[in-house]
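Report on the following structure.
In listed order, ligands and their atoms are each counted from 1.
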Amino acid sequence: MDPLHKLQCENFIHKIRHYLITTMGRTADEASDLEFYFAFCHAFREEIMINWTATQHTLKNKRCRKMYYISMEYMPGKLIANNIVNIAALDLVKYVLKEMNRDIVKLFAQEPDIGIGNGGLGRLASCFMDSLATQQYPAQGYGMRYQYGIFEQEVWCGVQVERPDCWLLYENPWEFRRDNFAVTVKFDGQIQEMQNERGETIHNLTDYQGVRALPYDIPIIGYRSTPDFSVLTLRIWSTKESPRNFELQRFNAGQLGEAGENTALTDVLYPNDNNELGKRIRLKQEFLLSSASVQDVINQHLRCFGSMDEFADKVRIQINDTHPALAVAEMMRILTKRHNMEWGQAFDVTKTCFSYTNHTVLKEALEEWNEERVQKLLPRQYEIIQKLNCDFLSDVRQKFPDDPERHKRMSFFGNGQIKMANLSIYGSHHVNGVAALHTDILKGDMFRDFYELYPEKFVNVTNGVTQRRWLLLCNPELSEFISERIGRDWILNFQEIGKLAEFATDRTSQEAFLKVKQTRKIAFMDHLYNDMKQRHWSGQKLQSQHFLPADSLFDVQIKRFHEYKRQLMNALHVLMLYQELKTNKGAIPIKRMVFFGGKAAPGYEAVKDIIRLIYCLSRKINNDPDVSDKLRLFFIENYNVSNAEMIIPASDLSEQISTAGMEASGTGNMKLSINGALTIGTDDGANVEMREAVGDEHWPFKFGKSAQENYVMLNESAYDPKTIIDKDKGIAKAMAALEDRSLVENDAEHEALCAIAKRLVGQDRYFVLNDLRDYYETQRRVETLFADPHKWAEMALHNIAAMGRFSSDESIRTYSEKIWDLEKCPIDPQELQAVRDEYSEHDKCRILPPKG
Ligand code: 26Q
């Protein structure tokens, strides 16, 4: 080890001991794993604080344009390993831990997952933060510090039980409370019309409820092999510390309920993915995020620039779906009220700043809020939305006179509801979908009227994932395999991964790849029975003998449970396969283990029934000696980011089987693919672009009706599941098993399975049976290919090699070019040196008494 490196290690050890003593009163040998973890994180924090400070100084002094990403959800998972890897300190840390006789796995296990999001949308936001920091863009994220994130899932006898996610039970060493940046957010109250200096109508609010929004900052560390890495800020809001005396009047009047409600605003994340509820507290949460973030953006800008003159030039705000759409109205209010702008000028500024990403094709998931509720809770913003709508409709009338139907469709108001997407589109300079197909659907169907009015607003930015977390970090063996062959440039430039294609037909590479897979499968199985409180069908803990050997096919569907994602179709295939094997043991040439993982929204009974079906099937199959050396089925409890990091590298087959036209993009598809899984999938979301990138020759398992065919089927109500069952014996047999009690052990299970059968033959908008036969036949082809491991490996290597464009680095570059017009702003070396100097001065302050 070189002397500098050695010094760094010693220094780090000093710091850990320092924190143990000064903050916990413990010596290193007596510290528990948890105490050691806290001391370790505090020592690590010190290493990155200099760069964090210097990054923020640079952004301020260079006066560059900055992008603010506002999202109700983030899914960072664990930060510790990511942070270590991103500053290239893994070797150092390993050495330190060895010196201090501590285990790295135990250290990482102390940290809870940060799961302040539901699924795809939140995880995308976290991948974007990583890519923004790594590529040194001037940016910041805003979010919510939910005391309880996405619930912890347990499955008891097939029934999902939701447990609270207590991720803040202990202090969070990665967050910094920023009292000096707290802001007040106002709800309710009476408005009084006034005029600003320009004669523009503004409102004064009295008798309102004030809530103190307190920000906590989390450092987002960009990847870099040199010590000049950038650190961005994720600022999350909490109302927990809002003083009760904000509500003194109400306390005195005995209205304790309302007072408590406001300090509880950030208590829980709503656990619904793609499913709108219209709950009052959710509206308050959305406004809290919108208002606090807009206030903070303006305050930051004023601190840096001194006036609002350059605001429109220097600020870009991306809203992650419509959840923070009220930010548009709040911006208008502050610009007209505080900064005395004319209405028209204020709108120009607002529209220049904002852009909006849509993440859904499900019409029922488009956000609407009850008009009266908004008027009561947010009287000033309500007036502003009304006025914006008037302006907007006069635009519409000008372009499309004499088309009252169109005017009605496009209005922000209708049926007593406010349509947040309509407001978001009007208030933004750009609107984007998250995959090519999705953006086409937005233009041609969902937002067609808007596209006809503002064609230039609509752009596509295909989603991506960060190869740092989803390959480098979670699959060290595959990373090593790749780097040995094409070097390490892929970590920062994922297009480099294309070079791997050269090795696809190389037999040694194929074998090495297969070996990596096996290693990851064994690690995953170990994890399943050692570290997860996994309940087997019988209630006993999983043991190694419950699994098939590591050369069997690992068939994986991991994502939120939703009818459109069609976990049910996968389960029906497993059932058909089981029935097939019962009559003919030689029916399949390979061994297969099917894994499901994912949470159901607590009130979503239709998919809770599907979890129950999977449970019944796994009990049947895993317990049946006739088939269980060929087929096994598992439900992985509590699918989250950390579990994903174990499952994905172990996967062979990636199930991406949504009803075509319904999955906006999907991002799990990309994560599985860069880890060498082959996709069995419909032509939906980003699958389409993945197939195009890979080429049909190496994308053998496409199946199912197209989005266009499904669209026609839906509009013409032409779907007739009963004839499918009549014509297809295999499907009929599976359907019969749902109702004949052969899979169930009690009435509750029977009811669940019958309910599933009923939905399948009723008004099934997801067309499960329509694609089932094609899916089944495609699965037969999966088996044939998997029986030839070298051919399989060749295909997998081609798939990995073609994923270059699905890095979130690429998505962020596209946003920067097409939407934000944002330039990179690397840390200024002089700034970095200045902070370092100041820090080392301070470091000399430690005074120790002489020895003896
Ligand atoms: C809205 C109102 C009230 C309560 C909850 C919600 C809510 C919360 C979360 C609505 C939607 C969501 C999440 C949506 C989501 O995750 N969409 C996914 O976004 C991914 C990233 O773009 C895509 O890859 C997926 O296709 C899309 O389903």
Side-chain angles (χ1 to χ4, degrees), residues 69 71-75 115-128 143-144 146 149-150 268-287 289-290 318-326 356-370 373 417-421 424 432-439 441-442 460-465 558-566 598-599 601-604 656-672 681-682 684-690 707 806 808 811 815:
Y69 198 82
S71 175
M72 284 290 279
E73 309 194 358
Y74 291 87
M75 287 283 226
I116 47 178
N118 273 287
L121 168 142
R123 182 53 233 178
L124 184 75
S126 287
C127 282
F128 282 1
M144 297 284 275
Y146 305 109
I150 187 67
V268 284
L269 164 79
Y270 277 88
N272 307 291
D273 177 291
N274 274 315
N275 184 2
E276 224 292 277
L277 277 171
K279 289 277 173 5
R280 191 171 141 275
I281 301 294
R282 166 79 183 189
L283 179 59
K284 289 185 91 168
Q285 287 186 340
E286 292 187 356
F287 183 66
L289 173 67
S290 305
Q318 188 70 32
I319 58 172
N320 202 17
D321 218 296
T322 55
H323 315 156
L326 289 163
Y356 150 56
T357 306
N358 173 283
H359 294 266
T360 187
V361 252
L362 306 180
K363 294 204 173 75
E364 72 271 20
L366 285 182
E367 274 196 304
E368 291 183 356
W369 287 109
N370 180 274
R373 173 161 283 167
Q417 300 282 106
I418 307 180
K419 300 173 188 167
M420 303 313 279
S424 303
N432 76 285
V434 289
L437 174 67
H438 173 225
T439 304
I441 293 172
L442 294 185
N460 174 249
V461 186
T462 300
N463 283 167
V465 300
I558 40 175
K559 50 185 79 243
R560 285 297 290 258
F561 268 77
H562 208 292
E563 284 166 287
Y564 82 80
K565 295 180 188 280
R566 296 202 293 195
K599 295 173 184 176
Y604 198 170
Q656 308 300 336
I657 59 179
S658 52
T659 314
M662 292 196 161
E663 187 71 271
S665 157
T667 46
N669 45 3
M670 302 163 187
K671 293 165 199 161
L672 282 151
T682 48
D684 199 15
N687 296 354
V688 179
E689 288 152 86
M690 288 169 62
F806 301 100
S808 46
S811 312
Y815 277 100

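- Defined by atom type and a distance below 3.5 Å, a donor-acceptor pair is missing between the side-chain atoms of Asn460 and His438.
- If you look at Met72 next to ligand 1, there are no close heavy atoms at all, none under 4.0 Å.
- Across all non-hydrogen atoms, the minimal contact from Ile319 to Ser424 is CD1-OG, 4.0 Å.
- At least one N or O atom of His359 sits closer than 3.5 Å to an N or O atom of ligand 1.
- Inspection of the Glu73 and Asn118 side chains reveals an N or O donor paired with an N or O acceptor under 3.5 Å.
- Applying the salt bridge (charged side-chain N to carboxylate O under 4.0 Å, His left out) test to pairs two or more places apart or on separate chains, none has a residue in residues 117-127.
- Here's the thing with Leu121: one of its N/O atoms is less than 3.5 angstrom from an N/O atom of ligand 1.
- Taking a 4.0 Å cut-off on heavy atoms, Arg123 fails to register as neighbouring ligand 1.
- Counting only distance, with no hydrogens or angles, the side chain of Ser658 and the backbone of Tyr564 share no donor-acceptor pair below 3.5 Å.
- Between Ala664, Gly119, Gly120, it is Gly120 that holds the heavy atom closest to atom 20 (C) of ligand 1.
- Summarising the contacts of atom 23 (C) of ligand 1 with Gly685, Pro271, Gly666, the nearest heavy atom is found in Gly666.
- Under 4.0 Å from ligand 1, not a single heavy atom of Thr357 appears.
- Nearest residue to atom 7 (C) of ligand 1 from Val361, Asn320, Val461, Asn272 is Asn272 (criterion: closest heavy atom).
- Using 4.0 Å as the threshold, Tyr564 has a heavy atom nearer than that to some atom of ligand 1.
- Between Ser665 and ligand 1, at least one N/O pair is under 3.5 Å apart.
- Contacts between Glu367 and ligand 1, counted as non-hydrogen atom pairs separated by less than 4.0 Å, involve the side chain only.
- Panel note: side chain Asn272, backbone Ala601; no donor-acceptor pair is recorded below 3.5 Å.
- Heavy atoms of Thr360 stay at 4.0 angstrom or farther from ligand 1.
- On a distance-only criterion, Asn463 and ligand 1 share at least one N/O pair closer than 3.5 Å.
- Atoms of ligand 1 lying under 4.0 Å from any heavy atom of Glu663, numbered from 1 in the order shown and given with element: 25 (C), 26 (O), 27 (C), 28 (O).
- Only the side chain of Arg282 comes within contact range of ligand 1, with a heavy atom under 4.0 Å; no backbone atom does.
- Residue contacts with ligand 1 include His323, since one or more of its heavy atoms lies under 4.0 Å from the ligand.
- Asn320 and Thr357 share no donor-acceptor pair across their side chains, judged by distance under 3.5 Å alone.
- Without hydrogens or angle criteria, Glu367 side chain to His323 main chain gives a donor-acceptor distance under 3.5 Å.
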